[in-house]
Novice: 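I'd like to ask some things about the structure below.
Just follow the structure's listing: the first ligand is 1, and inside any ligand the first atom is 1.
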Amino acid sequence: MSANQQQPKLIIHGGAGSSLKGKGGIDAVRQSLHKIVEEVYALLLAGGKASEAVVKGCQLLEDEPRFNAGTGSVLQSDGQIRMSAALMDGESQRFSGVINVSRLKNPINLAKELQKSDDRVLSDYGAAELLRELNTPVYNPLTDLRLQEWMEERKGNFQKDMAGVIAEGELIEESSSGRGTIGVVALDSQGCLAAATSTGGKGFEKIGRVSDSAMPAGNYATSKAAVSCTGIGEDIIDECLAARIVVRVTDGLSLAEATERSFIEAKENQRDFGAIAINATGAIVWGKTCELLIAAYHNGKQVGDTLDWTGEELTDFTQ
Ligand code: GLY
């Protein structure tokens with residue numbers, strides 16, 4: 001790396017929730033997150049752009065049935081999967097996304113395709129048309145576990161207001177239910193930032209409900225900072241969390257201060273979510289109001305994660 005190059009930084013998340021019970025579950029989730037971090041970080045070290053890295057990270061997380069995005073997405077109240085995803089390139093400061101798209105493997109690929117379009121956010125019908133134009137193969141992201149989960153909920157007439165975030169090989173226990181999304185934030189060797197986020201939604205929601213993941217509330221990046229959120233979409237929208245943190249950094253706060261202030265307000269408002277963030281100087285920060293944020297990072301020296309984190313609710317992983 002030459003003297004004028006930036007040390008790349010990376011953080012990914014696989015959702016937010018309450019504590020993950022069962023060590024087997026934690027180990028498997030950790031292994032999966034670390035493998036993805038290593039693969040995406042290698043791309044950044046090889047000179048890959050932040051926007052390419054976050055798309056790659058999202059593809060890998062979408063392909064991992066454990067997480068609620070792409071394969072393994074939760075079902076909505078009518079038993080259908082509708083997914084949402086967004087990409088924001090901090091260099092061009094362009095946001096693109098798809099809302100409630102079905103029958104494809106990687107919703108993030110559509111968000112990437114839309115970066116070059118004049119019309120950059122498409123909902124269900126338009127996204128389906130784009131899929132046809134691109135000749136994208138039809139794919140069913142449904143897993144047996146998610147179907148079983150939905151059937152169980154149907155028996156109880158959908159009393160639960162959301163599905164579990166992590167599929168752990170057996171039906172989700174109440175203790176591990178959560179707020180599913182996946183997201184990736186990266187700083188590349190040229191000092192450019194990007195954020196990408198993808199979700200199957202809350203699970204069991206009304207048809208047509210729109211997630212925060214394909215809004216600047218849930219996914220936002222500029223040349224100063226980039227943020228991806230996870231948690232209850234409505235709470236994230238009400239706080240406009242990702243944009244709120246980035247704007248505070250733009251106005252002069254450090255990333256840690258911007259995140260801390262935003263999470264103090266969120267706590268006062270009894271919000272339920274988490275966020276991962278990186279700024280242009282390479283600070284890596286995450287925050288949460290929920291019990292657990294399922295995240296892993298590479299800070300240029302080592303890979304780490306938040307899975308056993310019992311400390312403060314806001315942590316700076318820069319060093
Ligand atoms: N944050 C994901 C959702 O609520 O849809």
Side-chain angles (χ1 to χ4, degrees), residues 12-18 54 58 61-62 64 66-70 72-78 80-88 95 97-102 107-108 110-111 121 123-124 127 141 146 149-150 153 158 160-167 172 176-185 195-220 227-245 262-263 266 269-277 286-295:
I12 70 175
H13 70 73
S18 47
V54 296
C58 269
L61 286 158
E62 285 175 343
E64 168 57 86
R66 257 168 222 297
F67 302 121
N68 172 23
S73 285
V74 296
L75 280 63
Q76 301 196 341
S77 54
D78 62 344
Q80 298 299 310
I81 290 177
R82 297 180 185 86
M83 301 168 287
S84 299
L87 167 64
M88 186 144 185
F95 182 98
V98 283
I99 295 168
N100 288 333
V101 62
S102 305
I108 195 62
L110 279 191
V121 183
S123 65
D124 45 8
R146 291 307 192 186
E149 184 184 55
W150 184 83
E153 271 309 300
F158 302 107
K160 227 191 250 180
D161 53 6
M162 69 190 73
V165 57
I166 292 274
I172 311 294
S176 66
S177 71
R179 305 100 180 122
T181 308
I182 61 93
V184 184
V185 177
T197 306
S198 181
T199 189
K202 281 197 293 195
F204 317 137
E205 64 264 70
K206 286 195 173 71
I207 302 167
R209 181 256 181 188
V210 175
S211 166
D212 63 289
S213 298
M215 293 185 194
N219 188 82
Y220 198 68
V227 178
S228 168
C229 303
T230 177
I232 305 289
E234 285 70 7
D235 284 1
I236 295 168
I237 293 164
D238 288 346
E239 294 292 312
C240 201
L241 184 64
R244 190 183 193 110
I245 295 171
S262 304
F263 273 85
N269 292 333
Q270 294 168 339
R271 306 302 190 192
D272 189 353
F273 52 49
I276 56 172
W286 63 278
K288 63 182 173 67
T289 56
C290 49
E291 215 174 300
L292 178 72
L293 177 66
I294 299 156

Novice: Please confirm whether Gly233 comes within less than 3.5 Å of ligand 1 when only nitrogen or oxygen atoms on both sides are compared.
Specialist: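 N/O-N/O distance under 3.5 Å: yes.
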
Novice: Under 3.5 Å, is there a donor-acceptor pair between the Ser213 and Ser84 side chains?
Specialist: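 Note: Ser213 and Ser84 side chains miss the donor-acceptor criterion.
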
Novice: If you define the side chain from C-beta out and look only at heavy atoms, does anything of Phe95 sit under 4.5 Å from Asn219?
Specialist: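 Contact flag for Phe95/Asn219 side chains = yes.
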
Novice: Checking contacts here: is it the side chain or the backbone of Arg209 that comes within 4.0 Å of ligand 1, counting heavy atoms only? Could be both or neither.
Specialist: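 Answer for Arg209: side chain.
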
Novice: What atoms of ligand 1 come closer than 4.0 angstrom to any heavy atom of Asp212?
Specialist: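 What qualifies from ligand 1 is 1 (N), 2 (C), 3 (C), 4 (O), 5 (O).
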
Novice: Can you sort out which atoms of ligand 1 are near Gly231, meaning under 4.0 Å from one of its heavy atoms?
Specialist: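 Within the 4.0 Å cut-off of Gly231, ligand 1 contributes 1 (N), 2 (C), 3 (C), 4 (O).
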
Novice: Heavy-atom contacts with Thr181 under 4.0 Å: which atoms of ligand 1 show up? List them by number with element.
Specialist: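 Here the atoms of ligand 1 in question are 1 (N), 2 (C).
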
Novice: Quick check on side chain to side chain contact (heavy atoms under 4.5 Å, CB included): which of Leu241, Thr197, Ile245 does Val227 satisfy it with?
Specialist: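 Per the side chain to side chain contact (heavy atoms under 4.5 Å, CB included) rule, the option paired with Val227 is Ile245, out of Leu241, Thr197, Ile245.
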
Novice: List the atom of Ser73, the atom of Gly200, and the distance in Å for their closest heavy-atom pair.
Specialist: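 Shortest heavy-atom separation between Ser73 and Gly200 comes out as OG-CA, 3.7 Å.
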
Novice: Short list, please: which atoms of ligand 1 are under 4.0 Å from a heavy atom of Gly201?
Specialist: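 So the answer, numbered in order with elements, is 5 (O).
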
Novice: Is the shortest N/O to N/O distance between Thr199 and ligand 1 below 3.5 Å?
Specialist: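 So ligand 1 has no N or O lying under 3.5 Å from an N or O of Thr199.
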
Novice: Which of the atoms of ligand 1 are close to Ser211, meaning less than 4.0 Å from one of its heavy atoms?
Specialist: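 Selected atoms, number and element: 2 (C), 3 (C), 5 (O).
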
Novice: Just to check, does Thr230 reach to within less than 4.0 Å of ligand 1 when the distance is taken from its heavy atoms?
Specialist: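 Under 4.0 Å: no for Thr230.
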
Novice: Compute the shortest N/O to N/O distance between Ile236 and ligand 1 and return yes if it is under 3.5 Å, no if not.
Specialist: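 No.
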
Novice: Do Asn68 side-chain atoms and Val74 backbone N/O form a donor-acceptor pair below 3.5 Å?
Specialist: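 Yes: the side chain of Asn68 pairs with the backbone of Val74.
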
Novice: Looking at Arg209, is its backbone amide N or carbonyl O close enough to the side chain of Asn100 to form a donor-acceptor pair, meaning the two atoms are under 3.5 Å apart?
Specialist: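 Side chain of Asn100 to backbone of Arg209: a pair is present.
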
Novice: Quick one: list whatever passes side chain to side chain contact (heavy atoms under 4.5 Å, CB included) with Asn269, sequence neighbours left out.
Specialist: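 Per chain and number, Asn269 pairs via side chain to side chain contact (heavy atoms under 4.5 Å, CB included) with Glu239, Arg271.
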
